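Along the sequence shown, residues carry numbers from 1. Keep in mind that this is a model prediction, so the values were computed, not measured.
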Amino acid sequence: MHHSLRKPLLRLVLAGLLLTACISCGSSGTTTTESGMDKVNAGVISIVDTAPIHLGKAKGFFAKQKIDLTITPVQGGAASVSGLVSGQFQFAFANVTSLFTAKEQGLDIKVVANGVSSTGVPGKDFSAVLVKADSPIKTAADLAGKTVSVNQLRNIGDTTIRAAVRKAGGDPSQIKFVELPFPDAPAALQNGRVDAIWVVEPFVTQAISQGARPIAWNYAEAAPNLTVALYFTSSKTDPDLVRRFTAAMNESLTYAQQHPDEAREILKTYTKIDPELIAKITLPNWPTEVNRESLQQLADAALADGVLKTKIDVSELLP
């Protein structure tokens, strides 16, 4: 071939390859498969709270919305946020305090669906503060001056516990919080390392079965029908994909709420919770509605406690 023709031809071939490659790229870093499905990776913590997304995937609610969903387990809210911001995930799940902190840091996050909510009923919720059976601590007010474990400092645990203590007439500034993973908390309580523990299900039921006594239901007492966690994305995600993900997520939440037995069953596929315990735990609520008022109450409490440095307007996070 003549040398002067080779370069333009090479350029044409390269341009063609680039065009072919771009046909399979969505505007949000998603890849569209040959069948027209958008490949989506969601960063999700493997806990009771996230049963709806797993159930929705199994039921085909995401496929119906042309979404080929991969659920990637993450350790916590911080990993969800960093994974989304770095582009590893297109959508993710985190508790609301982690999202307030991300917003305060100026990170690009936007809520797309409710994640999980408190039942709003003290005595029958999926989050509690517990003490040993023979502990002198009787109510949340008695936690002043005591050591309480939370899974992560300066997050939703200490903020909601302080709110419960304040409501009970105690001084929340006197609590000493220590960081302990939920699975380690019941044993730490039994051997006296801490005066009280904060855990969520299945550890609430587990600790009670080992003789622990609940003295506060922090989610139920912090704000009425508290929205605890949310699914979110970034502003770069294609709006049509967001609309479809939200539709699938809302169908998943409604289905999980209406079919608690199936929600319990799906827990066996992605958690290591003992099946006998799964049958006994208190499930959270999974409404599609985000309780904006409860979020603002929590953001204001986090500011008052020094967890946040600036006032957050939660409406800026929400759709």
> Under the side chain to side chain contact (heavy atoms under 4.5 Å, CB included) test, which residues partner A168, sequence neighbours left out?
Replying inline: A140, A141

>> Tell me whether the rings of F182 and W198 are parallel (<30°), tilted (30 to 60°) or perpendicular (>60°).
In response: perpendicular

> What ring pair (Phe, Tyr, Trp, His ring centres under 6.0 Å) pairs are there with at least one residue in residues 125-168, not counting sequence neighbours?
Replying inline: F126-Y219

> S234: what forms a side chain to side chain contact (heavy atoms under 4.5 Å, CB included) with it, not counting sequence neighbours?
Replying inline: L84, D108, K236, T237

> Just by modelled atom types, is the A78 backbone N or O under 3.5 Å from a matching donor or acceptor in the S98 side chain?
Replying inline: no

>> Test: side-chain hydrogen bond (donor to acceptor under 3.5 Å, both in side chains). Region: residues 305-315. Which pairs qualify, not counting sequence neighbours?
In response: E104-T310, R166-D305, D300-K311, D313-S315

>> Test: ring pair (Phe, Tyr, Trp, His ring centres under 6.0 Å). Region: residues 151-171. Which pairs qualify, not counting sequence neighbours?
In response: none

> Can you list the residues that meet the salt bridge (Lys or Arg N to Asp or Glu O under 4.0 Å) rule with K66, with sequence neighbours excluded?
Replying inline: none

>> Listing request: all side-chain hydrogen bond (donor to acceptor under 3.5 Å, both in side chains) pairs with a residue in residues 255-282, at least two apart in sequence or in separate chains.
In response: K59-Y255, K59-E262, Y255-E262, E265-K268

>> Once salt bridge (Lys or Arg N to Asp or Glu O under 4.0 Å) is applied, do any residues pair with K57, and if so which ones, sequence neighbours excluded?
In response: none

Side-chain atoms of residues 203-214: list all donor-acceptor pairs with protein atoms under 3.5 Å, sequence neighbours left out, distances to 0.1 Å.
{"residue": "T205", "atom": "OG1", "partner": "E201", "partner atom": "OE1", "Å": "2.9"}
{"residue": "T205", "atom": "OG1", "partner": "E201", "partner atom": "OE2", "Å": "2.7"}
{"residue": "S209", "atom": "OG", "partner": "Q206", "partner atom": "O", "Å": "2.6"}
{"residue": "R213", "atom": "NE", "partner": "A133", "partner atom": "O", "Å": "3.4"}
{"residue": "R213", "atom": "NH1", "partner": "I137", "partner atom": "O", "Å": "3.1"}
{"residue": "R213", "atom": "NH2", "partner": "S135", "partner atom": "O", "Å": "2.8"}
{"residue": "R213", "atom": "NH2", "partner": "I137", "partner atom": "O", "Å": "3.3"}

>> Please tell me whether V178 and L143 are part of a single hydrophobic cluster in this structure, the criterion being side-chain heavy atoms less than 4.5 Å apart.
In response: yes

>> Tell me every residue that passes salt bridge (Lys or Arg N to Asp or Glu O under 4.0 Å) with E289, counting only those two or more places apart in sequence or in another chain.
In response: none

> Do any pairs count as a side-chain hydrogen bond (donor to acceptor under 3.5 Å, both in side chains) and have a residue in residues 174-187, sequence neighbours left out, and if so which ones?
Replying inline: none

> Among all residues two or more places apart in sequence or in another chain, which pass the ring pair (Phe, Tyr, Trp, His ring centres under 6.0 Å) test with F177?
Replying inline: none

